[in-house]
Number of protein chains: 4
Amino acid sequence: MTNSLSSELPPAGPEHSRGNVRRGADKRERLVAAARRVIYEQGVETTTLAHIAAAADVPLGNVYYYFKTKDALVSAVIESYRQSYGVLSAELAQQESPVGRLKALVQFLTSRRDQLATYGCPIGSLSSELDKREDALRSDAATILAGLIDWAEVQFRAMGREDARELAVALIAAYEGIALLAATLQDPTLISTEGGRLLRWIDSLNQLPSGNPPRAETTG
Amino acid sequence: MTNSLSSELPPAGPEHSRGNVRRGADKRERLVAAARRVIYEQGVETTTLAHIAAAADVPLGNVYYYFKTKDALVSAVIESYRQSYGVLSAELAQQESPVGRLKALVQFLTSRRDQLATYGCPIGSLSSELDKREDALRSDAATILAGLIDWAEVQFRAMGREDARELAVALIAAYEGIALLAATLQDPTLISTEGGRLLRWIDSLNQLPSGNPPRAETTG
Amino acid sequence: MTNSLSSELPPAGPEHSRGNVRRGADKRERLVAAARRVIYEQGVETTTLAHIAAAADVPLGNVYYYFKTKDALVSAVIESYRQSYGVLSAELAQQESPVGRLKALVQFLTSRRDQLATYGCPIGSLSSELDKREDALRSDAATILAGLIDWAEVQFRAMGREDARELAVALIAAYEGIALLAATLQDPTLISTEGGRLLRWIDSLNQLPSGNPPRAETTG
Amino acid sequence: MTNSLSSELPPAGPEHSRGNVRRGADKRERLVAAARRVIYEQGVETTTLAHIAAAADVPLGNVYYYFKTKDALVSAVIESYRQSYGVLSAELAQQESPVGRLKALVQFLTSRRDQLATYGCPIGSLSSELDKREDALRSDAATILAGLIDWAEVQFRAMGREDARELAVALIAAYEGIALLAATLQDPTLISTEGGRLLRWIDSLNQLPSGNPPRAETTG
DNA sequence: TATGAATGAGGGTTCATTCAT
DNA sequence: TATGAATGAACCCTCATTCAT
């Protein structure tokens with residue numbers, strides 16, 4: 001199930017597919033993909049436009065034709081993440097029950113454990129860095145995590161939980177928190193273990209009354 | 001109890017207490033305090049030595065008398081955090097039971113909610129930024145979060161939990177995760193709510209026999 | 001014969017030919033020429049990139065577009081000397097006999113006496129300074145003197161001297177030694193006199209059978 | 001014979017003889033000795049007062065009590081070399097004939113071959129570096145090489161050579177030149193070979209009439 | 001005399017951004 | 001559109017020199 005998902009979130013992008021001429025139209029995409037990857041691995045502040053340009057195989061001077069400033073490119077990266085999470089939620093929507101969808105999210109987390117243990121969560125580390133600013137960029141990045149929380153809240157609500165918001169926040173906090181710990185301690189097993197714990201936790205929430213009766217679910 | 005604690009972790013240090021000349025002995029401390037504050041508010045990469053020097057009211061050139069490089073100063077900041085957490089654990093040790101100590105940690109978290117919702121967790125955001133590097137600094141910073149987890153594990157162990165490690169990781173992950181969310185969404189209430197949830201969760205763990213998988217509490 | 005030579009080795013390059021804009025292509029050359037001149041006159045360590053940039057009429061920041069580091073620029077200067085000595089040896093090759101070539105070298109030395117008596121031999125003083133380092137630059141610069149010796153050895157060999165290597169070393173040592181003395185004592189006549197002595201010495205070697213220890217000439 | 005000599009010229013000085021309190025009087029000497037050594041190994045420009053102070057085990061601030069400026073310390077180093085050459089000439093004076101004295105000088109050169117092949121001639125490299133300046137320091141350093149030449153001239157004159165000056169310049173040029181080559185190519189054998197050649201050259205000068213009959217000599 | 005602690009003027013280097021073509 | 005080449009502000013760091021004690 002998470003097959004397709006597992007390749008969504010991680011920063012993708014052409015490594016160096018030289019040889020055939022690419023239309024100018026996709027240069028922008030290549031830049032965003034390269035920026036996403038490089039920024040994920042190095043952080044916004046450390047990453048250089050020259051570095052991104054090189055990774056995208058685009059002349060430095062040309063970058064400014066597509067992005068007025070470095071911040072504009074970072075903003076495009078954020079937008080790119082937004083799209084990725086759109087794809088993700090579409091994938092998750094294939095699950096028939098809210099519990100299944102939530103558990104699929106956790107399994108998606110677990111599937112990325114090695115990557116997360118190296119550079120952390122792309123969204124989390126980006127948000128963490130941008131939290132130090134007072135830009136539009138900060139609030140821009142914030143919408144992604146907010147969207148994730150909202151999505152989880154919808155699921156918990158569908159389970160009949162009146163504390164859906166609280167649970168959603170708790171779930172995403174655990175998600176981001178374990179990604180941080182795994183990256184900091186460079187230990188992917190932390191994610192597996194915590195993933196298992198979260199799966200059980202979600203199950204436990206489903207079995208207990210909370211107000212409205214939860215819908216029956218098909219997936220375990 | 002957390003009265004004193006609440007002033008430990010947050011970056012301390014005189015903002016600009018000009019007027020009376022301070023002897024050189026404490027200059028180093030002033031620099032570390034200023035660095036801690038400024039780095040907390042702006043991030044490592046964005047923070048300039050000139051900025052730190054100004055915040056500490058020390059001539060830029062003089063900084064290098066105390067710290068050979070910027071990294072050395074950052075390292076001193078990390079060490080400063082290590083000491084702060086030493087103080088914190090001493091405070092927490094005043095609680096008679098492990099449950100009390102764990103809950104005191106959560107209360108300490110809650111007491112800092114406004115600060116956390118502004119710049120995030122000092123340790124978490126610092127670690128997140130340093131996770132992008134491969135320095136000694138990265139592993140240096142990692143020891144602090146590792147220490148926190150170890151501390152929590154000891155408490156859970158003292159509660160008779162055989163899954164103490166897993167619980168400790170989960171607790172600190174929740175701690176760091178909620179700090180990140182609060183900062184990103186700029187919403188301190190997230191911390192209060194999650195703090196409450198964690199307190200109940202800790203209580204629930206205390207009532208369950210060890211060996212069984214810990215069950216998260218269901219509702220508030 | 002040495003007319004053209006005399007303008008090869010000495011640092012060349014426009015001093016400040018302002019007025020007509022030069023295209024970027026030759027900027028690199030201008031920088032190398034300026035660096036060569038300034039370094040020759042001031043030494044590597046004393047010379048500032050800002051100084052070189054000013055001498056080349058290039059904005060300081062722009063220097064780094066052409067040379068990644070100061071050392072890279074110094075390396076380019078060394079390469080520039082290598083080329084100059086290539087030109088020199090081509091000129092010397094016009095002499096029909098090895099004796100003629102060796103004597104032409106000495107005459108080249110003599111023709112530069114005023115310059116040498118002011119700042120010393122460009123290669124010698126550069127090598128002397130770099131000898132204090134353990135860089136790649138040190139060995140880089142060394143290849144030039146090594147090349148000179150090799151060239152002289154070839155000539156002596158062509159004269160039938162079995163002690164060609166020893167003679168070559170002696171000749172270049174005398175060459176560099178007299179340049180140092182002339183510069184230190186600021187006396188160009190030292191070079192003229194020693195030049196004459198070396199010419200006679202070369203002639204005397206030509207008359208003696210190889211295998212016998214070379215005998216220096218006795219008087220002028 | 002050159003036993004004592006061989007330890008005169010090379011930069012000497014206490015390495016780190018801590019443990020017993022030294023009188024303040026010799027601090028100056030320690031500084032000069034340390035400066036001599038460090039400058040010999042690193043060059044004037046590269047050498048830091050802090051480095052010298054550390055090598056001499058003298059607090060940095062204290063250096064300025066003995067030497068008003070860095071240049072003053074360099075000047076003292078030059079003076080120190082002057083004294084060393086005084087000692088050297090005294091040693092050489094023990095030879096009964098001028099030829100013996102000249103050959104003893106060459107043997108002194110040869111005895112230092114390993115050191116010379118590493119850092120070059122202390123006087124030569126110092127002069128070479130100072131030749132780039134227009135200081136008093138430049139002419140100050142020049143007096144040492146001038147003194148050496150003068151000394152050699154006296155010897156050649158005593159041999160009855162009317163071209164004594166020219167020969168003296170040639171000898172010292174060969175001396176400095178071979179030291180430069182050996183250091184640049186990092187090959188001590190160059191010095192041995194050239195030393196042998198110079199010895200034979202001196203002998204050959206002694207056997208040939210030049211005007212005045214040379215004095216008989218005792219040593220070979 | 002002695003010394004730890006300033007001080008401040010650079011020096012090498014980076015980099016977002018702009019310019020000219 | 002595209003791009004090589006500028007540009008200049010800023011950053012980290014060094015170091016001779018001075019100061020206060």
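Chain naming here is simple, since letters A, B, ... match the order of the sequence lines and numbering starts at 1 in each. Heavy-atom basis, side chains included; hydrogens, waters and symmetry copies ignored.
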- Item | B:Phe67 CZ - E:dA5 C1' separation (whole Å) | 14 Å

- Query: Expressed in angstrom and rounded to an integer, what is the separation of B:Tyr65 atom OH from F:dC19 atom P?
  - Reply: 17 Å

- Query: When the distance from CD of D:Glu45 to C1' of F:dT14 is rounded to whole Å, what number comes out?
  - Reply: 13 Å

- Task: Please tell me which of D:Thr48 and B:Thr47 maps to the more 5' nucleotide of DNA chain F, matching each residue to the nucleotide holding its nearest heavy atom.
- Result: B:Thr47

- Whole-Å distance between F:dA5 C1' and C:Asp26 CG? 13 Å

- May I ask you to verify if any side-chain N or O of A:Lys70 is less than 4.0 angstrom from the OP1 or OP2 atom of E:dT18? no

- To the nearest Å, how far apart are C:Leu31 CG and E:dG12 C1'? 15 Å

- Residue pair C:Val63/B:Ala50 against DNA chain F: nearer the 5' end by closest nucleotide is C:Val63

- Interatomic distance, C:Leu60 CG vs E:dG12 P [rounded to whole Å]: 8 Å

- Message: If I take atom NZ in residue C:Lys68 and atom P in nucleotide E:dT14, what distance separates them, rounded to the nearest angstrom?
- Response: 8 Å

- Note on the structure: Output for pair (A:Tyr81 OH, A:Ile39 CD1), nearest 0.5 Å, gives 8.0 Å

- Indicate whether OP1 or OP2 belonging to F:dT3 is found under 4.0 Å from a side-chain N or O atom of A:Lys27. yes

- Message: Please report the distance, rounded to the nearest Å, between CD1 in B:Ile52 and C1' in F:dC12.
- Response: 12 Å

- Lys/Arg N to Asp/Glu carboxylate O, B:Lys27 vs B:Asp57, below 4.0 Å: no

- Using only side-chain N and O atoms of D:Asn62, determine if any of them is under 4.0 Å from OP1 or OP2 of E:dT3. yes

- Report the residue (C:Tyr64 or A:Leu49) whose heavy-atom-nearest nucleotide on DNA chain E is the more 5′ of the two. C:Tyr64

- So, A:Asp140 and A:Arg82, do they make that salt bridge, N to O below 4.0 Å? yes

- Message: Tell me which nucleotide, if any, is Watson-Crick or G-U wobble paired with E:dG8 when both distances must be under 3.5 Å.
- Response: F:dC15

- Which one, E:dA2, E:dA5, E:dT17, comes nearest to the side chain of D:Tyr66? E:dA2

- Item | Value rounded to 0.5 Å, distance of OG1 in A:Thr184 from CG in B:Asp131 | 3.5 Å

- Query: Can you tell me the Watson-Crick or wobble partner of F:dT21, both distances under 3.5 angstrom?
  - Reply: E:dA2

- Message: Pairing check on E:dT13: which nucleotide meets the Watson-Crick or G-U wobble criteria with it, both distances under 3.5 Å?
- Response: F:dA10

- Query: Does a side chain donor of either A:Ser125 or B:Lys132 reach within less than 3.5 Å of an acceptor in the other side chain?
  - Reply: yes

